[in-house]
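Computed from a prediction, not measured in an experiment: that's the story for all the values here. Numbered from 1 within each chain, the chains take letters A, B, ... in sequence-line order.
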Amino acid sequence: MAAKRYWLLKSEPETYSIEQLEQDGATSWEGVRNYQARNFMREMKKGDRVLFYHSNANPPGVAGIAEVVREAYPDSFAWDPKSHYFDEGSSPEDPRWDMVDVGFVERFPEVLPLPVLREDPSLEGMELLRKGSRLSVQPVSKEHFDRVVKLARKPR
DNA sequence: GCCAACGTTGGC
DNA sequence: GCCAACGTTGGC
């Protein structure tokens with residue numbers, strides 16, 4: 001079995017928050033419409049751990065932990081004309097986009113704000129912190145993952 | 001609301 | 001293959 005990998009998923013809490021994931025237990029991660037992000041989702045394996053990031057939030061930051069509970073499968077929202085995520089270039093016969101399912105693991109006592117992450121020297125090089133980074137699905141090193149979790153659990 | 005940084009599209 | 005125009009992301 002391959003070693004567990006670590007990821008970060010962005011979500012606008014107004015669309016879907018860690019609180020909702022806690023309530024739901026698990027959810028499908030539809031709506032990724034970026035090829036690089038899709039390709040990362042295709043690499044995800046069951047059991048991989050995920051930092052759940054709140055974007056476009058106040059403050060933006062890491063809100064908790066999720067895990068991959070189902071590996072990549074076609075995103076059916078892409079061929080639903082009523083869906084916000086509809087893409088006429090995708091069809092059941094020739095799916096263009098994939099999604100995974102993620103399950104709830106942990107909700108941090110407080111969102112770990114982006115500025116706090118930026119201040120931490122040991123997180124240097126993290127994709128999230130790169131200027132202009134917009135990728136909504138990104139790999140995270142084990143070292144960075146562990147560091148973020150440690151910071152999130154430490155009382156501030 | 002502003003705008004920088006991207007990704008995509010399409011004319012050439 | 002180049003690149004301008006356009007749309008989107010997401011911090012601030």
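In this structure Asp87(A) satisfies the salt bridge (charged side-chain N to carboxylate O under 4.0 Å, His left out) test together with Arg96(A), sequence neighbours excluded.
Taking the charged nitrogens against the carboxylate oxygens, Lys150(A) and Asp146(A) have no contact shorter than 4.0 Å, which rules out a salt bridge.
Rounded to whole Å, atom P of dT8(B) lies 10 Å from atom CZ of Arg38(A). We find that CG of Asp87(A) is positioned 18 Å from P of dG7(B), with the value rounded to whole Å. Distance CZ (Arg96(A)) to P (dT9(B)): 7 Å, rounded to an integer number of Å. The interatomic distance linking Leu117(A) (CG) with dG11(C) (C1') rounds to 13 Å, in whole Å. Rounded to whole Å, atom P of dT8(C) lies 13 Å from atom CZ of Arg33(A). Computed from coordinates, the Asn34(A) CG to dG7(C) P distance equals 18 Å when rounded to whole Å. Distance, Tyr35(A) OH to dT9(C) P: 15 Å, rounded to whole Å. If you measure from atom CH2 of Trp97(A) to atom C1' of dT8(B), you get 10 Å, rounded to the nearest angstrom.
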Could you run down the sub-3.5 Å N/O contacts of the protein with nucleotides 2-5 of chain B?
unit_1, atom_1, unit_2, atom_2, d
dA5(B), OP1, Lys131(A), NZ, 3.1
dA5(B), N3, Arg134(A), NH1, 2.9

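For the side chain to side chain contact (heavy atoms under 4.5 Å, CB included) criterion with Asn34(A), the lone passing option out of Asn39(A), Leu135(A), Val137(A) is Leu135(A). Evaluated for a side chain to side chain contact (heavy atoms under 4.5 Å, CB included) with Asp75(A), the options Arg38(A), Met41(A), Arg33(A) yield exactly one hit, Arg33(A).
Among pairs with a residue in residues 59-74 of chain A, those fulfilling side-chain hydrogen bond (donor to acceptor under 3.5 Å, both in side chains) read Tyr73(A)-Asp101(A), at least two apart in sequence or across chains.
Within the 4.0 Å cut-off from OP1 or OP2 of dG11(C), at least one side-chain nitrogen or oxygen of Tyr53(A) is found. Distances shown here put every side-chain N or O of Lys10(A) at or beyond 4.0 Å from the OP1 or OP2 atom of dT9(C).
Ring pair Phe40(A)/Trp29(A): centre-to-centre distance not below 6.0 Å.
With Ser83(A) contributing its side chain and Tyr85(A) its backbone, the two residues share a donor-acceptor pair below 3.5 Å.
With DNA chain B read from its 5' end, the first of the two nearest nucleotides for Gln36(A) and Asn56(A) is the one closest to Asn56(A).
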